[in-house]
Number of protein chains: 2
Amino acid sequence: MTNRNWADSFKLHLRVGDQIGLAIMRGEFAPGSILPTEAQFCQTLGVSRTAVREAVRGLIAKGLVEARSKLGTRVRAPEDWNQMDPDVLKWRIQLADTSTYLEKMFQLRNAVEPAAAENAAMYAREVDHDRLSEAFGLMEAAGDDNAAWVEADLAFHKCIYIATRNEFFWPIGQLFEIGLREMFSIAALGQHRPRALEEHRDLRDAILRKDPAAAREAAQVMLGNARTDIDIIREPTGTKPKRSADRAGE
Amino acid sequence: MTNRNWADSFKLHLRVGDQIGLAIMRGEFAPGSILPTEAQFCQTLGVSRTAVREAVRGLIAKGLVEARSKLGTRVRAPEDWNQMDPDVLKWRIQLADTSTYLEKMFQLRNAVEPAAAENAAMYAREVDHDRLSEAFGLMEAAGDDNAAWVEADLAFHKCIYIATRNEFFWPIGQLFEIGLREMFSIAALGQHRPRALEEHRDLRDAILRKDPAAAREAAQVMLGNARTDIDIIREPTGTKPKRSADRAGE
DNA sequence: TGCGTCGAATTGTCATACAAATCATAACGT
DNA sequence: ACGTTATGATTTGTATGACAATTCGACGCA
């Protein structure tokens with residue numbers, strides 16, 4: 001079920017969409033400008049017009065471009081294209097400077113996640129409690145397996161967002177999930193893990209006993225520490241995560 | 001041609017996408033199930049396969065469905081489809097119960113908007129200040145023109161989100177903009193407007209003088225008042241939702 | 001029973017043709 | 001000379017038909 005490259009490798013129109021979308025976000029086609037005609041893309045990329053058109057349909061759906069007869073397909077303003085889209089996000093990560101990206105993501109996360117925890121404490125149902133406990137169990141069981149720990153961590157936070165029973169929180173959790181997963185292949189938070197585990201336990205307990213204030217508090221503590229951990233990573237002194245993403249921008 | 005009610009989207013594939021997307025969100029096609037084949041849609045809707053395919057491309061881009069050979073196009077789980085997409089949002093609004101929708105939106109808004117104001121106070125550039133002042137000027141100048149006031153109000157808040165200089169805040173502002181605009185066609189003005197104008201002025205001033213704490217405070221005050229007005233709407237006494245629509249825009 | 005093979009169904013891609021929209025330009029009338 | 005209208009050209013939109021790729025299911029065979 002976790003096929004990620006499936007979208008990239010197969011389906012021609014998705015590959016084409018990837019190419020064009022990335023080119024747009026790279027600034028190769030400036031906002032407001034008209035990008036090459038379908039026919040030109042056909043020739044450039046060596047594919048049929050159908051493929052190009054279907055790719056462009058995807059970009060239209062993501063708000064990156066708008067197409068009108070005779071005028072051509074125009075690149076829309078960056079404020080208009082829908083930043084939460086997984087693909088848009090993926091392209092952004094491939095191009096962004098890692099540190100500022102992290103900074104911005106945490107700005108939003110600091111705003112949202114405590115509120116999400118609060119709402120989760122208020123509105124979570126039993127199935128949410130079960131899933132949250134299960135995810136926490138996976139974190140406990142992760143041991144030295146970094147990959148497992150990261151996955152469990154992400155699952156834990158996703159549970160919180162879903163437990164809010166508010167669909168509008170989901171995509172934000174998704175944003176962090178995608179961002180963090182893309183950015184760190186393996187996180188280097190090893191020495192902080194016992195403390196992080198305790199913080200997660202506090203948050204889980206607060207949600208389970210339906211204590212919104214405590215949940216908010218626990219989330220804030222957790223985020224504060226996570227933020228400093230990130231700052232540690234950003235220092236060139238410690239172990240550096242593999243930074244494969246930010247190179248694509250050059 | 002089957003449905004003549006949708007005059008906004010000329011393009012056939014967009015109308016088709018609207019129909020199918022709405023049907024999916026209406027639960028007509030359950031998550032995990034396979035929806036009718038392209039050929040069947042062609043016959044049902046009386047359009048060519050091209051139109052259906054391009055419509056489905058849009059739905060794929062929005063995460064609503066995934067298509068694989070022979071298996072058909074499967075409806076993905078609701079957590080997977082990308083809730084921030086303007087169209088998805090629009091469909092949701094058309095189907096949602098208004099009061100719970102408002103409630104959920106404000107849960108998120110309470111979390112995000114004070115933080116956005118804080119960030120705007122810190123990171124706004126001159127062009128942002130100008131645009132914010134301009135939008136506020138439009139609000140002042142709106143007078144008795146309700147439509148103008150609502151538009152100016154939405155523009156004002158959009159300015160704040162953009163002034164954060166954090167792309168991840170944008171789509172959330174977009175969410176509110178779309179939601180409020182779709183929900184209330186044109187709002188009747190409330191007697192709250194003078195107070196609302198003052199609150200907006202406070203917020204603007206705090207951002208202009210780069211005072212994050214004050215900006216956060218001002219946003220919270222404004223949201224608190226808007227929230228209570230919303231609560232009035234939710235009274236089952238049959239009060240018209242239109243009454244407080246303009247307050248909801250804050 | 002277990003296995004491979006083949007066929008059918010469905011999406012994926014291609015090619016072509018024409019329709020619709022719209023901009024540029026030329027022709028026309030006043 | 002100027003504005004208006006007709007015409008044409010260009011680009012996207014839609015339709016249609018064909019074939020490829022993939023995969024499920026059923027049949028036949030050992």
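All of these numbers come straight from a predicted model, not from anything done at the bench. A note on names: the letters A, B, ... follow the listed sequences, proteins ahead of strands, and every chain is numbered from 1.
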Going 5' to 3' along DNA chain C, which nucleotides are the first and last within contact of chain A (any atom under 4.0 Å from a heavy atom)?
-> C:dG12 to C:dC23

Is the B:Phe41 ring parallel, tilted or perpendicular to the B:Phe29 ring (thresholds 30°, 60°)?
-> perpendicular

Could you state the interatomic distance from CD1 (A:Ile162) to CG (A:Leu132), rounded to the nearest 0.5 Å?
-> 11.0 Å

Looking just at side-chain N and O atoms, do B:Gln40 and B:Thr37 make a donor-acceptor pair shorter than 3.5 Å?
-> yes

Hey, are B:Arg125 and B:Asp128 close enough for a salt bridge, meaning a charged N less than 4.0 Å from a carboxylate O?
-> no

Please assess B:Lys11 against B:Glu54 for the test salt bridge (Lys or Arg N to Asp or Glu O under 4.0 Å), listing each intermediate value before the final yes or no.
-> CA-CA 11 Å; B:Lys11 323 267 200 249; B:Glu54 299 196 343; over 6 Å; no

Compute the centroid of each ring, for B:Phe176 and then for B:His157, and state whether the two points are separated by less than 6.0 Å.
-> no

What does nucleotides 11-17 of chain D look like as a protein-contact string, B for base, S for sugar-phosphate only, - for none, at under 4.0 angstrom between heavy atoms?
-> BBBBBB-

Answer yes when B:Lys158 and A:Glu79 have at least one side-chain N-carboxylate O distance shorter than 4.0 Å, and no when they do not.
-> yes

